[in-house]
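Just so you know, ligand 1 is whichever comes first in the structure, and atom 1 is the first atom listed for that ligand. Heavy-atom basis, side chains included; hydrogens, waters and symmetry copies ignored. Heads up: numbering here begins at 1 and tracks the sequence.
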Amino acid sequence: MVKQPIITVKNLVKNYGDFKAVKGISFEVYEGEIFGLLGPNGAGKTTTLEIIETLRDKTSGEITVDGFNIETDAANIKKRIGVQLQAAGYYPNLNLTELINLFCGLYGIERSPIEMLEKVALTDKAKSKYKELSGGQKQRFSIATTLINNPRIVFLDEPTTGLDPQARRNLWDLIRDIRDQGTTVVITTHYMDEAEVLCDRVAFVDGGNIIGVDTPDNFIDKLVESGFERKKEVKLANLEDVFINMTGKEWREE
Ligand code: ATP
């Protein structure tokens, strides 16, 4: 199957005053994939995402999202994307139904709150306040808010940071479901195990440059072919396996 780019970034540059945060990067995200932006703190991932999301101005470069040019068609891009907000963006004293209705009002569309909460397995929390949710539930709720406008692409900036191993796996299932229903997912994470199992392709960003784009499998195979060996003998299980085994394999409601 020929992969169709849904996001095209060409020679993107972002300067903050004299500081060059993004130094002329180019990459494509294909329709229907989970695409990971990986790299150390300060590499320029959030800056790049926020420019694509039309939330930040670029210094130069060309970007198209679902066929629309960021410079001339930002309004059309906004309608086609879902962006995960930082937690501080929610009114802590509204319940989940009220919050979904609030978002629907902002988008000017009608969606059933229960239907949206069903997508992220939170129907039993429909009358709970946002501040009463666990960390994993908060993340799932914020993903539900990105889906309200039936987006073609969702952007998730470190969605699993701070979650326990089960909640993290539960979120991976949710993100895969979103992809399987035809929505393209762009995600950042600092967890390489997560990127390895979740992302169809990843880009490594370092010091404002893209230093590689490929599938996780290809990256790993190329490293092994180059003669790389792990220093420590690899055991058949790790401490995370112990954690999951001891606390129950299935994800539990927190
Ligand atoms: P992290 O993994 O820590 O989230 P990141 O890869 O997302 O990092 P960015 O947040 O894009 O990195 O930041 C890239 C660089 O640009 C950093 O050195 C940061 O300090 C700088 N930067 C980001 N926003 C601004 C701003 N508004 N003004 C000045 N410098 C900024």
Residue-ligand contact [X]/ligand 1, heavy atom below 4.0 Å:
X      : result
Arg56  : yes
Gly39  : no
Glu50  : no
His190 : yes

Nearest protein heavy atom with distance in Å, relative to [atom]:
atom                    : result
atom 2 (O) of ligand 1  : Lys45 NZ, 2.8 Å
atom 3 (O) of ligand 1  : Asn41 ND2, 2.9 Å
atom 11 (O) of ligand 1 : Thr47 OG1, 2.6 Å
atom 23 (C) of ligand 1 : Tyr16 CE1, 3.5 Å

Which heavy atom in Ala126 sits nearest to a heavy atom in Thr97, and how many Å separate them?
->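 For Ala126 and Thr97, the tightest heavy-atom pair comes out as O-OG1, 2.9 Å.
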
Kindly determine whether Val213 and Phe204 satisfy side-chain contact (heavy atoms from CB on, under 4.5 Å), including the steps that lead there.
-> CA-CA 7 Å; Val213 185; Phe204 284 97; over 6 Å; no

Which residue, Arg56, Lys14, Lys45, forms the side-chain hydrogen bond (donor to acceptor under 3.5 Å, both in side chains) with Glu50?
-> Arg56

Charged N to carboxylate O under 4.0 angstrom, Glu31 versus Lys3?
-> no

Neighbour count >12 (heavy atoms, 6.0 Å) for atom CG, Asp57 = no

For the hydrophobic clusters of this structure (ILVMFWY residues joined by side-chain heavy atoms under 4.5 Å, transitively), does one cluster hold both Val83 and Ile34?
-> no

Which of the ligand 1 atoms, numbered from 1, are nearer than 4.0 Å to a heavy atom of Phe19 = 15 (C), 16 (O), 18 (O), 21 (C)

With a cut-off of 4.0 Å, which atoms of ligand 1 are near a heavy atom of Thr46?
-> 4 (O), 5 (P), 7 (O), 10 (O), 11 (O)

Any protein heavy atom sitting closer than 4.0 Å to atom 26 (C) of ligand 1?
->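 Answer yes: something from the protein, a heavy atom, is under 4.0 Å.
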
With Asp214 via salt bridge (charged side-chain N to carboxylate O under 4.0 Å, His left out) - residues at least two apart = Lys222

Pick from Gly44, Ala43, Gly42: the one approaching atom 8 (O) of ligand 1 most closely through a non-hydrogen atom |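 Nearest heavy atom to atom 8 (O) of ligand 1 lies in Gly42.
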
Kindly assign one of parallel, tilted or perpendicular to the pair Phe103 and Tyr90, based on the angle between their ring planes and the thresholds 30° and 60°.
-> tilted

